[in-house]
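Quick notes on the structure that follows.
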Amino acid sequence: MALKATVFKVSIQIADMDRGYYNDHQLMLAQHPSETDERMMVRLLAFAMNASESLAFSKGMCVEDEPELWDRTLSGEIDLWVEFGQSDEKWLRKACGRSKQVLLITYGGRSVPIWWKQNEAAFERYDNLTVINIPEDAVKAMGQLVGKNMALQINICEGQIWISDDNDSVLVEPELLKGEQ
């Protein structure tokens, strides 16, 4: 019998001073049985960093030809394709060809610099690719905020991201590896 996804109800209040975006979102976030709490929170962070009325989670891990998070126009064109982890060049080439902008968010701790050194030159040719690393300590701290029903406040200002619930706050300072700030 296959394991089923765990569903989390998430209420987030986003105040993104960098983009001038202020809104509340009610999300149902499915966690694949193989996904850790930390990875799920990185996906939620990516949503907050790029929030818009049309940004949505796709079927992601279950569908090979879709990103896990994307922003599409009404005509179905992909404005933003968001990937997670340490993707290979072949997969990112495909994403860059199908989307106006591709965002890769890494979060693997000590393995990220090694992976980046091996792939940086290959990624340079993609003008529409941005690569951001989330520091390992922030990823672990975000994992501590997980609950079946989450109410989070996310404040973004000058590149710093504060994620808070009723009890704790986590500071996330993403590291830009490629792209524009």
Side-chain angles (χ1 to χ4, degrees), residues 3 5-8 10 12 14 16 25 27-52 54-72 78-120 122-123 126 128-146 150 152 154 156 159-161 163 170-181:
L3 295 173
T6 304
V7 177
F8 294 84
V10 185
I12 55 174
I14 300 171
D16 186 341
H25 292 269
L27 304 171
M28 299 288 279
L29 198 56
Q31 182 184 32
H32 190 274
S34 67
E35 183 177 42
T36 65
D37 288 347
E38 289 81 8
R39 185 180 190 284
M40 181 184 71
M41 290 302 288
V42 170
R43 289 192 300 126
L44 186 60
L45 175 68
F47 182 92
M49 292 169 60
N50 298 283
S52 73
S54 54
L55 186 68
F57 291 100
S58 70
K59 294 176 184 152
M61 293 175 88
C62 303
V63 178
E64 207 170 289
D65 258 4
E66 292 182 359
E68 293 182 60
L69 183 63
W70 59 4
D71 201 337
R72 296 187 306 176
I78 304 170
D79 278 338
L80 177 65
W81 179 303
V82 182
E83 283 296 319
F84 300 93
Q86 297 171 18
S87 294
D88 66 355
E89 190 270 339
K90 181 181 177 186
W91 179 247
L92 289 174
R93 179 178 356 117
K94 182 178 183 179
C96 287
R98 292 185 56 201
S99 178
K100 222 185 269 187
Q101 183 64 38
V102 175
L103 173 61
L104 174 61
I105 298 181
T106 64
Y107 57 92
R110 293 180 296 189
S111 65
V112 172
I114 297 164
W115 167 84
W116 182 244
K117 188 175 182 180
Q118 293 170 343
N119 291 283
E120 182 178 11
F123 293 164
Y126 304 114
N128 61 336
L129 174 64
T130 300
V131 181
I132 294 173
N133 182 49
I134 306 301
E136 185 176 24
D137 57 337
V139 172
K140 287 180 181 178
M142 287 189 307
Q144 299 302 309
L145 298 175
V146 172
M150 292 182 270
L152 302 172
I154 300 177
I156 303 171
Q160 291 186 325
I161 304 166
I163 304 172
V170 175
L171 172 62
V172 180
E173 296 181 280
E175 174 190 6
L176 181 67
L177 300 178
K178 180 191 180 320
E180 295 180 16
Q181 200 74 352

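Note that this is a predicted model, so its numbers are computed, not measured.
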Side-chain heavy-atom pair L171, E173 within 4.5 angstrom cut-off: yes

Spacing of CD belonging to E175 relative to OG1 belonging to T106, to within rounding of 0.5 Å: 7.5 Å

For the student: nearest non-hydrogen atoms of E35 and Q31, plus distance: O-NE2, 3.1 Å

All ring pair (Phe, Tyr, Trp, His ring centres under 6.0 Å) counterparts of F84, not counting sequence neighbours: none

Pair L177-V112, side-chain contact (heavy atoms from CB on, under 4.5 Å): steps then yes or no: CA-CA 10 Å; L177 300 178; V112 172; 4.2 Å; yes

From CA spacing to verdict: side-chain contact (heavy atoms from CB on, under 4.5 Å), V131, N119: CA-CA 11 Å; V131 181; N119 291 283; over 6 Å; no

CA sep, side-chain torsions, deciding dist, call: L69, R43, side-chain contact (heavy atoms from CB on, under 4.5 Å): CA-CA 8 Å; L69 183 63; R43 289 192 300 126; over 6 Å; no

Side-chain heavy-atom pair L176, T130 within 4.5 angstrom cut-off: yes

Working for side-chain contact (heavy atoms from CB on, under 4.5 Å), residues M41 and L152: CA-CA 11 Å; M41 290 302 288; L152 302 172; 4.1 Å; yes

Rounded distance [0.5 Å steps], CG in L55 versus CE in M49: 11.5 Å

From OG (S52) to NE2 (H25), nearest 0.5 Å: 7.5 Å

Polar side-chain atom of N128 near backbone of S99 as donor-acceptor pair, under 3.5 Å: yes

Run the side-chain donor-acceptor check on residues 136-146: report pairs under 3.5 Å with partners two or more places apart or on a different chain.
none

Ring geometry between F123 and W116 (parallel below 30°, tilted from 30 to 60°, perpendicular above 60°): tilted

Between CD1 on residue I163 and CG on residue L45, distance to nearest 0.5 Å: 5.0 Å

Approximate separation, where rounding is to 0.5 Å, of R72 CZ and S58 OG: 8.5 Å

From CD (E120) to CH2 (W115), nearest 0.5 Å: 10.0 Å

Shortest non-hydrogen contact between L104 and S87, atoms and distance: CD1-OG, 3.7 Å

Note, N50 side chain near D71 side chain (heavy atom, < 4.5 Å): no

Any donor-acceptor pair under 3.5 Å from E68 side chain to F57 backbone: no

Heavy-atom closest pair, residues P174 and P135: CA-CD, 4.5 Å

Y126 versus A122, closest heavy-atom pair with distance: CE1-O, 3.6 Å

